Number of protein chains: 2
Amino acid sequence: MKLDEAKQQFVNSWGAFGTQWGINRTMAQIHALLLISTAPLTQDDIMEQLTISRGNVNMNIRDLIGWGLIDRVIVQGERKEYFNADKDIWKVATLIIKERKKRELDPMLKLLATLENLDDKKEKGAKEFLQVVGDIKKLSKHADSLLDIMIKAEENKFIGAVLKIFK
Amino acid sequence: MKLDEAKQQFVNSWGAFGTQWGINRTMAQIHALLLISTAPLTQDDIMEQLTISRGNVNMNIRDLIGWGLIDRVIVQGERKEYFNADKDIWKVATLIIKERKKRELDPMLKLLATLENLDDKKEKGAKEFLQVVGDIKKLSKHADSLLDIMIKAEENKFIGAVLKIFK
DNA sequence: TCGAATTTTCAATAAAAAATGAAAATTTGA
DNA sequence: TCAAATTTTCATTTTTTATTGAAAATTCGA
């Protein structure tokens, strides 16, 4: 396979993958494009490579910066802004997980907490309801600490080694 | 808060949460409704409670069954079919993760593997491209074994205890 | 086997999400 | 400071996704 073709497919499949997880296709594609670019790109570069409008590029770049996935880069003697993606996939993954937790999971957990204040906890069905709500809260705490462990395993060789034993 | 109101909010927020993760809102709502229902429900029950059409209920129930999240239940002396959700949130979570991995992650990894067969691996930019592709593959293997550990920690108290030490 | 009850399908419609492009705002070199 | 270059905004349009509802298919008790 030719490199250009492979890059094209990478960008497309990353876009499709993002879509399945509730991420705007273009946002994912721009991120993919910058991930495999050897140098930072301008908005015009991105418009051209993905054949999308300036407005679309601009809005999605703003979002990607908001997620902390890409950065503005100033190039000496150039008027245009350049954009660069952090290439460390590990960092990218933990960033996305943390960000989605903050934006989507935490607000839901907050709401769930309010649902636990029932007027009458002995009403028929209340027990089952509170059980499910409580279990979801517990599960998300589990997932949280799992993420911590994952991060620590990456930073600390000993923890990583112990985890490997259990695989 | 009244139980009915709390249930309503639970169903709505579960639906909204699902949407953010690329899950059809109605599918998530039906799942939520069945999770907190004290008894299995019929299609008519669901239509009424969510005020949605029969076709919509039917299609999303089919999907939920396909995901393994709900089951048909036969009630003695009743002509109608009833539906029941597995209430074990832990099982629900691991099921969803495994299913999404199978449906969405694995196909992408398969594609990525094909992108590694470049005609010319010394072409400018090939190294960086292969690095990113390789890193994504590595990361997903990591995530896989993490899921295994998570499942084992639940089944095996010793492993769970060791993990707690690292928190 | 018949036929009423129930479920399923899917073309048509509606709703939601994403993209466009031109105008407005901002930036920056001269 | 000015004006060309660049970026940003957002009302409008397009595309995608989800929903409806009625017809067709299926099921099952009598």
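All values derive from a computational prediction rather than experimental measurement. Per chain, numbering begins at 1; letters A, B, ... match sequence-line order.
- Distance B:Met59 CE to D:dA25 P: 19 Å, rounded to the nearest Å.
- Contact annotation for A:Arg25: no contact, since no heavy-atom pair falls under 4.0 Å across all strands.
- Between B:Trp14 and B:His31, the ring planes are tilted. Angles from 30° to 60° get that label.
- One atom, CZ of A:Arg62, and another, P of D:dT6, lie 20 Å apart when rounded to the nearest Å.
- A cation-pi geometry, defined here as NZ or CZ lying under 6.0 Å from the six-membered ring centre and within 45° of its normal, does not hold between A:Arg100 and A:Trp67.
- The nucleotide whose nearest atom lies closest to any side-chain atom of A:Asp44 is, among D:dT7, D:dT19, C:dT7, D:dT7.
- When the side-chain nitrogen and oxygen atoms of A:Asn58 are compared with OP1 and OP2 of D:dT7, none of them lie within a distance under 4.0 Å.
- Not one side-chain nitrogen or oxygen of B:Thr26 sits closer than 4.0 Å to the OP1 or OP2 atom of D:dA18.
- Remark: P of D:dT20 and CG of B:Asn24 are 11 Å apart, rounded to the nearest angstrom.
- Partner of A:Pro40 under the side chain to side chain contact (heavy atoms under 4.5 Å, CB included) criterion, chosen from A:Leu34, A:Ile70, A:Asn84: A:Asn84.
- The salt bridge (charged side-chain N to carboxylate O under 4.0 Å, His left out) pairs that include a residue from residues 49-64 of chain B are B:Asp44-B:Arg54, where partners are two or more places apart or lie in different chains.
- DNA chain D lies under 4.0 Å from at least one heavy atom of each of the following residues of residues 64-84 of chain A: A:Arg72, A:Arg79, A:Lys80, A:Glu81.
- For A:Gln131 and A:Asp135, the side-chain atoms include at least one donor-acceptor pair closer than 3.5 Å.
- As a whole-Å value, the separation of A:Gln43 CD from C:dT20 C1' is 15 Å.
- Annotation: the span from B:Leu130 atom CG to B:Leu112 atom CG amounts to 11.0 Å, rounded to 0.5 Å.
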